[in-house]
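For reference, the structure is listed below as structure tokens.
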Amino acid sequence: MISDGRQSLDAAQFAHCCRSLSESLSARGIHVLALHGDNSTDWVIADMACQLADICLIPLPTFFSPEQILHVLDTVPVDSVLCQWPGYFEQHFGSRFRRDQGRLPGSHTLLRLDAEAHDSVLPEHTAKITFTSGSTGRPKGVCLSQAQMQKQAVALNEQVGLVRPRHLCVLPLSTLLENIAGVYTPLMAGGEVIVPSLAELGFTGSSSLDSEQLSRTISHYRPHSMILTPQLLKALVVAAKSGWQPPDSLRFVAVGGARTAPELIDEAHAAGIPAYEGYGLSECASVVALNSPKNNNPGSGGRPLSHLDVEIQDGEIVVRGNAMLGYIGEPESWGLEKIHTGDLGSIDERGFVHIEGRSKNLLISSFGRNINPEWVEAEMLIEDSISECVVFGDARPYCVALLSAGAASISDEALQDRIDAINQKLPDYAQVRRWARLPRPLGAEGGLLTENGRPRRAEIASHFQTQIEKLYKSESMSCP
């Protein structure tokens with residue numbers, strides 16, 4: 001039913017643990033609980049216990065900075081935090097919390113707010129608040145009801161069509177996509193959920209990855225399904241090219257979080273990884289559209305789930321059918337019937353949604369050409385020799401890029417050869433004319449990537465402002 005490498009629970013044991021924790025939390029009069037910890041069975045038990053006890057849950061990503069966590073605590077009327085590392089909270093927020101002295105089921109520690117929680121009002125029926133990492137340092141809290149999340153899980157189960165799947169959680173459980181599609185949906189289908197720690201999967205921090213460790217873990221657990229970001233899929237494709245054999249147990253690997261080049265999807269299938277791209281956002285309870293073995297169009301975000309209506313208005317994707325309850329602290333966003341996604345796209349004659357990038361990320365060159373940087377980046381990332389790429393060029397005469405090589409041994413000359421080849425497939429106004437090699441992966445800098453591994457463009461532009469300016473003044477092709 002559910003396991004994490006340390007403990008394995010069948011359906012009856014899992015239900016007992018959820019009821020036991022639910023009763024303990026209810027007895028303490030908790031109404032709004034924040035959850036902070038690594039992927040584990042105890043994390044899932046806490047999630048289910050809150051549902052049983054009608055407690056609003058706020059999953060806190062473990063990569064959030066103390067300032068971001070403080071923002072959450074100041075935004076939401078949290079009265080307690082269930083955490084894996086109480087010392088972290090005592091170090092950064094010691095004056096706010098005290099340890100609960102009673103015995104609580106599971107391995108997490110309960111910290112009680114030492115003062116009366118502020119009186120922020122939540123939309124009615126709010127069961128979970130997921131904080132989107134977005135493009136700024138102040139995440140926004142998306143409020144969702146239990147009915148909305150359940151409706152989402154049912155629709156995903158219909159679309160994917162796996163019976164009693166064994167799902168391996170690869171993304172953090174604080175990610176709404178993994179929370180709903182990786183836990184609720186497999187359990188609803190009578191399957192098994194495997195939640196190893198992020199370290200066992202090969203993650204260090206929010207974005208550093210040991211791809212060999214990840215591939216070994218996948219081979220060990222032999223899952224039927226997984227959810228990956230494009231960067232993780234690329235790492236596995238590279239591993240397969242280097243001799244790793246994906247387990248033949250794999251049936252469905254969902255890919256989302258950023259645009260995925262169709263060539264990468266094709267390479268994954270050729271390597272034995274049944275990858276299918278999807279599209280979604282937290283404001284619509286995660287997945288909006290998804291490709292599947294029965295309905296697949298590589299290069300698209302898939303067909304909309306059965307409970308959603310998707311249309312294009314002035315080039316923007318608009319979704320109706322399962323809109324969030326609203327953003328916390330923004331009553332003007334409550335009760336919306338449809339979500340204007342801010343994503344540019346189209347719908348083809350077969351009903352597949354095509355994503356063309358974020359409207360706010362659209363680059364307009366000094367020659368008046370519109371360029372979607374995600375499109376150029378996806379083309380660059382097809383290459384094994386390029387592991388990261390962020391394109392800039394707004395109000396500039398041409399595009400430049402910051403990039404990381406797939407291996408330290410790859411020379412600047414070799415990278416330039418690959419970029420030249422990729423540029424041949426792009427129109428001249430979208431070609432990368434100059435580039436700088438990043439000194440370290442973006443994830444090593446902190447705050448430059450979202451939880452799903454997408455670039456925080458404003459932060460990256462600010463952090464590397466000097467290098468970017470040099471690219472428009474110098475003929476040099478690599479960072480000094």
Side-chain angles (χ1 to χ4, degrees), residues 5 160 162 165-171 177-178 181-182 194 196-204 207-278 290-293 296-300 302 377-389 403-410 414-415 417-418 421-422 425 441-443 452-454:
V160 176
L162 294 181
R166 183 168 63 254
H167 181 83
L168 177 65
C169 293
V170 176
L171 304 181
L177 175 60
E178 189 72 80
I194 306 167
S197 69
L198 295 176
E200 184 180 351
L201 289 163
F203 289 101
T204 303
S207 303
S208 298
L209 173 69
D210 181 340
S211 58
E212 291 185 3
Q213 176 63 31
L214 175 61
S215 57
R216 283 195 298 268
T217 302
I218 294 171
S219 295
H220 172 72
Y221 286 110
R222 295 183 54 78
H224 299 147
S225 62
M226 300 184 297
I227 302 170
L228 303 175
T229 63
Q231 190 66 31
L232 292 175
L233 177 62
K234 180 176 180 179
L236 293 182
V237 169
V238 171
K241 290 180 178 179
S242 300
W244 174 61
Q245 180 62 52
D248 58 9
S249 60
L250 287 173
R251 299 288 181 268
F252 186 87
V253 177
V255 186
R259 185 181 183 276
T260 307
E263 293 89 345
L264 181 58
I265 297 291
D266 291 341
E267 286 186 348
H269 280 263
I273 304 171
Y276 298 91
E277 186 175 3
L290 184 64
N291 284 287
S292 68
N296 188 33
N297 184 6
S300 78
E377 290 158 2
E379 293 295 328
M380 292 288 172
L381 291 172
I382 295 171
E383 284 292 331
D384 295 346
S385 57
I386 301 174
S387 62
E388 292 181 309
C389 180
L403 56 85
S404 295
S409 59
I410 299 174
L415 285 175
D417 287 343
R418 301 316 308 150
I422 296 166
K425 300 188 294 182
L442 291 172
N452 288 339
R454 288 179 291 185

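What you see is a predicted model; the values in this text were computed from it and never measured.
The structure places CG of Leu233 at 11.5 Å from CG of Leu381, a figure rounded to the nearest 0.5 Å. Expressed to the nearest 0.5 Å, how far CZ of Phe252 lies from CD1 of Ile227 amounts to 8.5 Å. Rounded to the nearest 0.5 Å, atoms CD1 (Ile273) and CD1 (Ile218) are 7.5 Å apart. Rounded to the nearest 0.5 Å, atoms CD (Glu212) and OG1 (Thr217) are 11.5 Å apart.
With Ser225 as the partner, the side-chain contact (heavy atoms from CB on, under 4.5 Å) test is satisfied by one option alone out of His167, Arg166, Arg251: His167. Applying side-chain contact (heavy atoms from CB on, under 4.5 Å) to Leu232 and the options Leu171, Val253, Val237, Val255 leaves one that passes, Leu171.
With contacts defined as side-chain heavy-atom distances shorter than 4.5 Å, the pair Glu267/Leu264 qualifies. Inter-residue side-chain proximity for Ile410 and Leu415 is flagged as met; some heavy-atom pair is nearer than 4.5 Å. Residues Met380 and Leu403 are not in side-chain contact: their nearest non-hydrogen atoms beyond the backbone lie 4.5 Å or more apart. A 4.5 Å side-chain heavy-atom check between Tyr221 and Glu200 finds at least one atom pair inside the cut-off. For the pair Leu250 and Pro247, the minimum side-chain heavy-atom distance is below 4.5 Å.
When every heavy atom of Ile265 is checked against every heavy atom of Pro298, the shortest pair comes out as CG2-CB, 4.3 Å.
Summarising the local packing, CZ of Arg418 is surrounded by 12 or fewer heavy atoms from other residues, nucleotides or ligands at distances under 6.0 Å.
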Run the side chain to side chain contact (heavy atoms under 4.5 Å, CB included) test on Ile382 and Ile422 for me, step by step, so that the C-alpha distance in whole Å, both residues' side-chain angles and the decisive distance to 0.1 Å come before the verdict. CA-CA 9 Å; Ile382 295 171; Ile422 296 166; over 6 Å; no

Kindly indicate, with the supporting measurements, whether the criterion side chain to side chain contact (heavy atoms under 4.5 Å, CB included) is fulfilled by Asn297 and Glu277. CA-CA 9 Å; Asn297 184 6; Glu277 186 175 3; over 6 Å; no

